[in-house]
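Contents: one structure, followed by commentary.
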Amino acid sequence: MNISTTYSPIETEDKWYSYWLGKGFFHSEPDDREAYTIVIPPPNVTGVLHMGHMLNNTIQDVLVRRARMQGKNACWVPGTDHASIATEAKVVAMLKERGIAKKDLSREEFLKYAWEWKEKYGGIILKQLEKLGASCDWERTRFTMDADLSVAVTDTFIHLYNKGLIYRGIRMVNWDPQGKTAVSDEEVIRKEVNQKLYYIKYPVVGTDDFIVIATTRPETIMADSAICVNPRDERYIDLKGKKVIIPLVDREIPVIEDEYVEMEFGTGCLKVTPAHDLNDYELGVKHKLPVIDILNDDGTLNEKAVILVGEDRFIARKKIAKLLDEAGLLEKVEDYKSQVGFSERTDAVIEPRLSLQWFCKMADMAKPALDYVEDGEVKLIPEKFGNTYRHWMENVKDWCISRQLWWGQRIPAWYNANGEWVVAATQEDAIEAFNKAGQDSENLVQDEDVVDTWFSSWLWPMSVFDPSVCGHPEKEGNADINYYYPTNDLVTAPEILFFWVARMIIAGHEFRGKAPFENVYLTGIVRDKLGRKMSKSLGNSPDPIELINQYGADGVRVGMLLCSPAGNDLMFDVSYCEQGRNFANKIWNAFKLLKGWSENTVAIENAENKVAIAWFDSRFNEALVEIESHFAQYRLSEALMAIYKLVWDDFCSWYLEMVKPPYQHPADRETVAATTFFFEKILKLLHPFMPFLTEELWHDEIFGAREEMDCCIVSEYPKTAATDDKLLKEFDMIKKVVSEIRNIRNSKQISPKDPLPLAIKLNSEIDYTSYLFVLNKLANLSEIVFVDDQLKGGASFMTGRDEFFISLEGNVDPLVEFDRMSKELVYLEGFLDAVNKKLSNERFVQNAKPEIVANEQAKQADAEAKISILRESIKTLLI
RNA sequence: GGAGGCUUAGCUCAGCUGGUUCAGAGCAUCUGCCUUACAAGCAGAGGGUCACUGGUUCGAACCCAGUAGCCUCCA
């Protein structure tokens, strides 16, 4: 084994990952054991690992590895989703590089290229997860566009359509005129832009007056259906029932009234353009206004605009401003800042556009999904997300599920020449359905759109096990789904609580009558040190693979978790990875020490070490109880910190220093055996967080010969056991005594090499005799004596009620000691005063719980005792 | 505009049902150490008006109201 002074991750990581794979430790098949299942939130197939994935998957791996060690049949199902929009964009870009335009390809040709792209570049991210140590069952890897998962999507569509839960309707979409496609809200980047606010005069019919409207989009006046004012606006009372004329095109439109209009904005008059603005559209529906769409799909004006036909919308804007000005109808132009949406991909200004889309009705399906969370059958962690969830589920909007793309599952709707349609899995089924309805079934065409990617991923916890149950609630399902479903934990980001989590609960309820998971752990957002979200465009995100190369996978895993409080955002900084790496190194070196001992042992009795061994045994169990409680509450970073302190402080700084043989002396066999045993337990505790380092050390010969399947990854996780509380308490006192002596050394500039004489004046029940060896070793004492009277002329301190004295010839300034003691006395007197006040307060004694009053009385007695000791000490000092 | 959340040491965060010597941890800082496991380390120390204002209570970091600042989601 390597005995370098630093742990070198590179040499161990690939080795053990392939070993685990080779032995099939990640693979799961249903059996008699309790299942522990996680399905991965499928990353985008085009994606590369970013810090968010890093956090999310580290958490999942910790949970899975721990469950596996607890003897559960652990199954972590990996996979990717097809991400229609992102993937299609990548394929379009690839084609462009090869000089091919998407519009020159048929759908089939394009899809061929897309699959080619997916096979070649897709799924890089899964390879990257291996570097992190993710113990996924790779034999179960799934893709949302696998043939059977696509059938699941189609069947689900048909099922919901037949139940009347899917319908077609008009909707305003985000249109990218350059990409000629609709994009989702998430792909619209809002930026503040300097614009102009144009004040346009509309002549009022039958008068010589004008009404002035402020707009940023003068090129859309030809699409106006009305002018709207607020009914409470006294400036415009006269306009009631009047009509106005759209400048340049001379079309008459009515003046309507609606509370929606903000009187303070612009002139208080709003032009209503239902075809080109979402709010205007809704206003139009409310007031039954006609919809006039004057734009082509490439952003140029069409013949409905009457003027400037064929011009691009922005050129038209400039030209129309000029035309209005020339006609004397442009009152003024102001500078104006506002938020404008840009396409993430083409950077074109997004155009709100009406189109016919497919929708999924949500209200009825949302109800049971809300109940799961309200009733606690599905737990959201942290709980605060329950409020957000309820609010959303009670105000749920219908889900627009169609996308104007090719990459994805094509909507199973078929149209005949008369515009009639049926929903069917295949063309044959469609013909049959048309015939049955007595409708024309010649020349059928399938809907050109695909369904939203979420429409695949909401089936994920079912479809990875048995896609055939999706769309078929009556089916019993295969052995896998009956064993693994419902899964245990889901680990994901709060941003997709509604897009994904809620919908999975809905789908799970619809097809299995059960929610797909018990616990949903919502991680925070990874931000940089300055609190900014990590993003590609800001360039503030480190490359996770680079970090792994630099700090080791274990170091990065620890670093991630150290700064990730449950449910809160985390301010990531590489210094956390450094801390993780240092921790790995600390463990490595502790191991080196132990290994050195085991190579030179003798069979001698070492009674002195027995108490230290008993103490660490208790301390380990005490820490384990705390760690288990953190895990039960999904407080992973606190569980990790508790382990960190157990290892670094208790094991390395205290225990190892206590039992360490003197330099160049052999170690006794019993101590080595006990320490080896402790070390192995520590490796187990650490394994879920630091899988590589622990596996590497696990196989060292000091633990004896290992069978090939005897690996840390499948070792039995430690179970809590009884603690000796008296021993733990007394050891705390001993540690305090040691620290006090070290403190005296430090402040008096005494070398740790110079032994000091210690005198103890016992005032408590503690029996120090069994700890003298430890005291002597850790504090380097020349002698320890028990005394009845306080000693003069040395340094002194109190631990509990016991007094300790160290004679220091000529090294102590009585004035300094006096000062220190006086300060302590003042503090104690103040403290006692506060306690006394409480106890003499009748209402306190009456109202407070008895144990709290008893506690105050104990505090009082303790303080009184200490004060009298201190007073005596001061007196002694002054004599 | 609607909803939710956050504010505790220089930084990142714990702090349970209001009551322990309760104001804590890790990192960073400072002081002293190359003490043969570890300088990626050891030993020790300093550091806070618990955002602000008021209220409830015998008692508030914790409960209530308001104010300020920051964040997220929805529109």
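The chains referred to below are lettered A, B, ... by the order of the sequence lines, with proteins before strands, and numbering in each begins at 1.
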Other residues, nucleotides and ligands only: do more than 12 of their heavy atoms fall within 6.0 Å of CD1 on A:Ile10?
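Counting neighbours around CD1 of A:Ile10, 12 or fewer heavy atoms of other residues, nucleotides or ligands fall under 6.0 Å, so no.
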Got more than 12 heavy atoms from elsewhere within 6.0 Å of NZ, A:Lys379?
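No, because the 6.0 Å sphere around NZ of A:Lys379 holds 12 heavy atoms or fewer from other groups.
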According to a strict under-4.0 Å criterion, is [X] in side-chain N/O contact with OP1 or OP2 of [N]?
X        : N     : answer
A:Ser739 : B:A43 : no
A:Asn582 : B:G41 : yes
A:Lys645 : B:A25 : no
A:Arg635 : B:G15 : yes
A:Asn387 : B:G5  : yes
A:Trp648 : B:A37 : no

When we call it a touch if two heavy atoms are under 4.0 Å apart, what does [X] touch: a base, just sugar-phosphate, or nothing?
X        : value
A:Tyr644 : sugar-phosphate
A:Trp597 : nothing
A:Lys866 : base
A:Leu828 : base
A:Ser653 : sugar-phosphate
A:Asn585 : base

Quick check with a 6.0 Å cut-off and a 45 degree axis cone: is A:Arg619 positioned over the face of A:Trp648's six-membered ring?
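Pair A:Arg619/A:Trp648 does not count as cation-pi.
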Between [X] and [Y], how do the two ring planes meet: parallel, tilted or perpendicular, split at 30° and 60°?
X        : Y        : value
A:Phe804 : A:Phe797 : parallel
A:Tyr576 : A:Phe572 : tilted
A:Phe703 : A:Trp698 : parallel
A:Trp392 : A:Phe498 : parallel
A:Phe679 : A:Phe651 : perpendicular

Any N or O donor-acceptor pair linking the side chain of A:Lys586 to the base of B:C38 at under 3.5 Å?
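Under the 3.5 Å cut-off, the side chain and the base do form a donor-acceptor pair.
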Got a donor-acceptor pair under 3.5 Å from the side chain of A:Glu578 to the base of B:A28?
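Side chain to base: no pair present.
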Please give, in whole Å, the distance from [N] [atom2] to [X] [atom1]?
X        : N     : atom1 : atom2 : value
A:Ile587 : B:A37 : CD1   : P     : 18 Å
A:Arg745 : B:G32 : CZ    : C1'   : 13 Å
A:Gln579 : B:U29 : CD    : P     : 13 Å
A:Met571 : B:U72 : CE    : C1'   : 12 Å
A:Glu657 : B:C38 : CD    : C1'   : 10 Å
A:Leu562 : B:C11 : CG    : C1'   : 14 Å
A:Trp392 : B:G5  : CH2   : P     : 19 Å
A:Asn746 : B:C42 : CG    : P     : 15 Å

Pairing nucleotide - [N], Watson-Crick or G-U, each distance under 3.5 Å:
N     : value
B:A39 : none
B:C30 : B:G44
B:C73 : B:G2
B:U12 : B:A25
B:A60 : none
B:U17 : none
B:A51 : B:U67

How far, in whole Å, is [M] from [N] if one measures between their [atom1] atoms?
N     : M     : atom1 : answer
B:C58 : B:G2  : C1'   : 42 Å
B:G44 : B:G26 : P     : 12 Å
B:G15 : B:A75 : C1'   : 37 Å
B:C33 : B:G18 : C1'   : 46 Å
B:C71 : B:G32 : C1'   : 44 Å
B:C64 : B:C6  : P     : 11 Å
B:A9  : B:A25 : P     : 14 Å
B:G48 : B:C11 : C1'   : 14 Å

Could you check A:Arg843 against A:Tyr576 and say which one's nearest nucleotide on RNA chain B is further toward the 5' end?
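Result: A:Tyr576.
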RNA chain B: 5'-proximal contact among A:Gln749 and A:Arg742 (nearest heavy atom):
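Counting from the 5' end, the first nearest nucleotide belongs to A:Gln749.
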Which nucleotide sits closest to the side chain of [X]: [options]?
X        : options             : result
A:Asn841 : B:G19, B:C73, B:C58 : B:C58
A:Lys838 : B:A37, B:U12, B:G19 : B:G19
A:Ile852 : B:G5, B:G19, B:A37  : B:G19
A:Arg581 : B:C73, B:A14, B:A40 : B:A40

Between A:Ser747 (side chain only) and A:Ile744 (backbone N and O only), is there a donor and an acceptor less than 3.5 Å apart?
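Here the side-chain-to-backbone pair exists.
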